[in-house]
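Contents: one structure, followed by commentary.
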4 protein chains.
Amino acid sequence: MGGAQGRPMRADAARNRARLLDAATEVFTTRGVGVPTEEIARTAGVGVGTLFRHFPTKEALLEAVMVRRLEEMAVRTARLADESEPPEAFFACFRLVVEQSEGKNEFAQALAAAGVDVHASLHEPTMEIQGRLADLLTGAQRAGAVRPELGLPEFLALLAGTSRAMEQLGADPEPRERIFQVVFDGLRPRRGTSAK
Amino acid sequence: MGGAQGRPMRADAARNRARLLDAATEVFTTRGVGVPTEEIARTAGVGVGTLFRHFPTKEALLEAVMVRRLEEMAVRTARLADESEPPEAFFACFRLVVEQSEGKNEFAQALAAAGVDVHASLHEPTMEIQGRLADLLTGAQRAGAVRPELGLPEFLALLAGTSRAMEQLGADPEPRERIFQVVFDGLRPRRGTSAK
Amino acid sequence: MGGAQGRPMRADAARNRARLLDAATEVFTTRGVGVPTEEIARTAGVGVGTLFRHFPTKEALLEAVMVRRLEEMAVRTARLADESEPPEAFFACFRLVVEQSEGKNEFAQALAAAGVDVHASLHEPTMEIQGRLADLLTGAQRAGAVRPELGLPEFLALLAGTSRAMEQLGADPEPRERIFQVVFDGLRPRRGTSAK
Amino acid sequence: MGGAQGRPMRADAARNRARLLDAATEVFTTRGVGVPTEEIARTAGVGVGTLFRHFPTKEALLEAVMVRRLEEMAVRTARLADESEPPEAFFACFRLVVEQSEGKNEFAQALAAAGVDVHASLHEPTMEIQGRLADLLTGAQRAGAVRPELGLPEFLALLAGTSRAMEQLGADPEPRERIFQVVFDGLRPRRGTSAK
DNA sequence: AATGAATGAGCATTCATTCAT
DNA sequence: CATGAATGAATGCTCATTCAT
């Protein structure tokens with residue numbers, strides 16, 4: 001599955017598609033989803049027509065950007081999960097997802113505003129990541145590293161929230177690290193609770 | 001200060017202004033900042049002309065909505081801070097601000113996207129709240145209830161992030177409470193650290 | 001019924017609406033339905049926004065133009081039918097409809113291409129005119145002035161066809177008159193048939 | 001004259017040209033001249049590039065379609081004229097032209113809208129048919145079967161108009177026949193006139 | 001002061017035509 | 001020669017803002 005369509009797509013077409021995705025990611029992230037399509041095309045170094053040949057709708061472009069980010073995240077999450085043991089993998093993936101999600105919040109809102117719910121093409125990678133995160137959560141909880149009462153929804157909400165906090169904080173690494181300390185400490189089981 | 005212009009503003013004008021603010025708050029919060037001004041006017045039961053007489057710009061209306069929310073928050077924060085002692089006041093205000101901020105995130109982004117930085121009229125109430133929050137933070141830190149290494153920026157970022165997490169979580173109180181538990185526990189000083 | 005909406009519409013708004021209809025009629029008739037909306041607005045002396053305030057769609061404008069022509073035609077047809085006796089009224093209305101329909105053919109095609117069938121607002125005046133024409137036809141047939149085997153569809157088709165012929169012929173009255181002679185003579189009952 | 005360029009055109013090129021003409025005839029007739037060129041190419045089973053190699057312009061394609069139809073009509077008209085005597089030939093050709101012209105009206109309008117007048121390449125076959133029709137008309141008039149006062153322009157206008165009437169009427173043969181009866185009877189000389 | 005009609009710059013999208021593969 | 005990706009001018013429509021009533 002994945003990119004296996006009928007024809008293999010011409011070299012230049014593939015390059016333009018990639019350029020458009022890169023440009024859109026960059027522009028949407030830094031300047032918001034309100035930027036004119038024409039500007040995205042210009043940033044990618046192609047004409048508007050090309051943009052609309054590859055993505056029939058501005059919304060479709062937005063979606064494709066998100067799908068790609070989600071897929072990348074899925075791959076990296078999977079790799080991290082394989083490399084380390086449950087508790088470490090859990091926290092490493094938490095960091096990864098938070099950092100990869102920065103600037104993506106607006107996308108989701110824009111998409112949600114457009115269609116009734118999240119689009120079909122987003123569903124698959126979303127589910128894949130969520131499944132992996134659910135496994136990491138349970139693993140870390142079994143290992144006693146994370147409070148057992150937390151469910152997947154709270155975990156995902158914490159990811160989104162931490163990402164939002166980072167957006168507000170800027171690039172300076174020290175304050176960012178302090179935010180992670182707060183959240184990670186908060187995730188650990190309470191002494192009294194587990195000890196009793 | 002505030003609305004002290006030359007004339008005291010006619011009664012019906014004041015009522016229209018209030019209606020517009022209410023309508024804008026409602027509409028922006030539930031349907032986003034992209035809603036046409038005309039619709040806000042209709043919701044308020046006035047014509048567009050009236051809207052633009054009171055707020056010279058859509059952005060100005062957005063700003064006024066935020067100012068009002070911030071002012072309300074300042075008042076309620078002040079009351080809370082007076083009623084209880086530092087550590088309790090700190091956590092109570094944290095809850096208050098988080099709950100009052102839900103749905104407001106998009107506003108801030110829209111405003112930030114428009115002007116270079118936060119606008120002048122927002123500066124005053126923002127400063128007031130921040131000042132109060134800063135006091136609460138230092139008070140709680142002195143009382144040993146909050147990690148001493150946290151600065152105001154991290155605190156504000158945590159507020160924004162927690163609010164974001166709540167937006168994602170919906171209205172069910174139990175998961176929301178678990179989020180608060182995580183963040184509040186994370187805010188407390190580490191055993192080892194304080195023991196030294 | 002008819003134009004009786006809630007409010008009576010401001011004077012300038014009514015004038016602009018009329019101007020737009022006039023301009024659209026003129027421009028669509030002489031240069032086809034492909035002309036940009038902007039040009040119609042310019043011809044009417046208003047901005048595009050005004051055009052779209054009055055007619056939410058280019059197609060809606062097209063429709064309104066046709067409705068007005070049909071309504072005018074209904075009125076004039078009714079007047080003619082009242083002034084004269086069946087056979088004369090029939091032929092007089094035939095001429096009238098043919099002359100009023102010139103240039104209108106393309107409209108109908110454009111509308112038909114857009115929606116599946118003729119739009120709701122066109123239905124009423126269309127039905128009114130068709131009803132009147134049906135009455136005229138039967139009246140003329142009873143008076144023995146028109147071949148009895150002709151149905152309403154053939155009659156309407158002949159109207160459209162004669163109008164088309166006139167479009168091709170230009171303004172010179174003599175050839176036009178000869179076309180009418182051919183069609184009118186052809187409409188009369190055959191000797192043999194009526195003699196029986 | 002005609003298609004006599006330098007090279008005789010490769011076999012596959014000729015086949016593509018024919019396919020394109022067929023596809024264009026089909027598509028223009030059934031769905032109007034507004035259909036994108038790409039779709040015509042797809043229908044023909046070739047790429048757009050090929051279309052534009054054979055016909056430098058969409059308009060040129062339109063023209064070529066009409067030329068071919070006119071040429072076919074010229075051939076069939078000639079054959080009919082040879083097979084029968086003046087009056088019968090006249091009416092047979094009238095039927096033929098009317099039936100062949102259905103759906104073609106829009107083409108002519110589109111072409112007329114584009115250039116100032118009918119294009120050069122259309123001139124030759126148009127003249128040929130018109131000459132033949134003129135001969136048929138005079139022949140039928142000499143034989144006393146058609147009103148002598150009718151000129152070629154009126155005749156052509158009647159052809160166009162009858163064709164338009166048929167378009168409106170649909171495929172049911174009985175009403176169509178009644179239209180022909182009306183027009184043919186109308187074309188015959190008036191008793192009183194000829195009796196004098 | 002309130003109203004809502006008018007305005008027009010701005011945007012997403014289409015499509016005839018060109019050109020690299 | 002064929003292909004179909006690339007192009008960008010053109011178009012219908014929206015919406016913040018102005019202004020006549």
Side-chain angles (χ1 to χ4, degrees), chain A residues 7 9-17 34-42 44-61, chain B residues 7 9-13 16 34-42 45-61, chain C residues 7 9-17 20 34-42 44-61, chain D residues 7 9-10 12-13 16 34-42 45-61:
Chain A
R7 245 154 288 195
M9 188 184 260
R10 259 166 53 177
D12 54 349
R15 203 192 52 225
N16 278 337
R17 198 190 140 90
V35 241
T37 49
E38 183 134 15
E39 184 142 352
I40 297 168
R42 188 169 38 247
V46 305
V48 245
T50 304
L51 188 157
F52 280 95
R53 166 176 280 270
H54 285 284
F55 308 96
T57 285
K58 191 186 188 182
E59 202 189 308
L61 174 57
Chain B
R7 249 156 286 194
M9 186 183 267
R10 269 166 48 175
D12 55 347
N16 279 339
V35 199
T37 50
E38 184 128 16
E39 185 141 351
I40 296 167
R42 188 168 41 248
V46 304
V48 245
T50 305
L51 189 157
F52 278 92
R53 169 170 290 273
H54 286 284
F55 308 96
T57 284
K58 191 186 190 181
E59 201 191 307
L61 173 59
Chain C
R7 245 154 289 193
M9 187 183 259
R10 257 166 54 177
D12 55 348
R15 202 191 54 224
N16 278 337
R17 198 190 139 90
L20 280 163
V35 242
T37 49
E38 183 136 13
E39 185 143 351
I40 297 169
R42 189 168 39 245
V46 305
V48 246
T50 304
L51 189 158
F52 280 97
R53 166 176 279 268
H54 285 285
F55 308 96
T57 286
K58 191 188 188 181
E59 202 191 308
L61 174 58
Chain D
R7 249 156 285 195
M9 187 182 267
R10 270 167 48 175
D12 54 348
N16 277 340
V35 197
T37 50
E38 184 128 16
E39 184 141 352
I40 296 168
R42 186 167 44 246
V46 304
V48 246
T50 306
L51 189 158
F52 279 92
R53 168 169 292 275
H54 284 285
F55 308 96
T57 284
K58 191 186 190 182
E59 201 191 307
L61 173 58

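If you're wondering where the values come from, they're calculated on a predicted model, not measured in any experiment. Lettering of chains follows the sequences in order, A, B, ..., and the numbering in each one begins at 1.
Across the protein-nucleic acid pair, A/Phe52 atom CZ and E/dT14 atom P stand 7 Å apart, rounded to whole Å. Rounded to whole angstrom, the span from the CZ atom of C/Phe55 across to the C1' atom of F/dG12 amounts to 16 Å. Rounded to an integer number of Å, the gap from CG of A/Leu51 to P of E/dT14 is 12 Å. Here the C1' atom of nucleotide E/dA20 and the CG atom of A/Asp12 are 7 Å apart, to the nearest Å. For the pair D/Arg53 CZ and E/dA20 P, the interatomic distance rounds to 14 Å; values are reported in whole Å. The nearest whole Å value for the distance from the CZ atom in D/Arg42 to the C1' atom in F/dA2 is 17 Å. Taking atom CD of A/Glu39 as the reference point, atom P of E/dC11 lies 9 Å away to the nearest angstrom. As a whole-Å value, the separation of A/Glu59 CD from E/dT13 C1' is 14 Å.
When each of E/dA16, E/dA12, E/dA2 is scored by its nearest atom to the side-chain atoms of D/Lys58, the top-ranked nucleotide is E/dA16. Nearest nucleotide to the side chain of A/Val46, out of F/dT7, F/dC13, F/dA16: F/dT7. For B/Thr50, whose side chain is taken as the heavy atoms from C-beta onward, the closest listed nucleotide among F/dG12, E/dT3, F/dT17 is E/dT3. The side chain of A/His54 lies closest to F/dA6 when the candidates are F/dA2, F/dA6, E/dA1.
The partner of F/dA10, taking Watson-Crick or G-U wobble pairs whose two distances both stay under 3.5 Å, is E/dT13.
One finds the CG atom of A/Leu61 at 11.0 Å from the NE2 atom of A/His54 (value rounded to the nearest 0.5 Å). Of the inter-residue distances, the one linking B/Ile40 atom CD1 with B/Lys58 atom NZ reads 6.0 Å to the nearest 0.5 angstrom. Here D/Phe55 contributes atom CZ and D/Thr50 contributes atom OG1; the two are 11.0 Å apart, rounded to the nearest 0.5 Å.
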**OP:** Kindly determine whether C/Phe52 and C/Thr37 satisfy side-chain contact (heavy atoms from CB on, under 4.5 Å), including the steps that lead there.
**Re:** CA-CA 9 Å; C/Phe52 280 97; C/Thr37 49; 3.9 Å; yes

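Checking the phosphate oxygens (OP1, OP2) of E/dA6, a side-chain nitrogen or oxygen of C/Asn16 falls inside 4.0 Å.
In this structure, B/Val48 and C/Gly34 both approach DNA chain F, and ranking their closest nucleotides by distance from the 5' end singles out C/Gly34. Mapping D/Gly49 and A/Thr37 onto DNA chain E by nearest heavy atom places A/Thr37 closer to the 5' end of the strand.
Heavy atoms from other residues, nucleotides or ligands lying under 6.0 Å from CD of D/Glu39 number more than 12.
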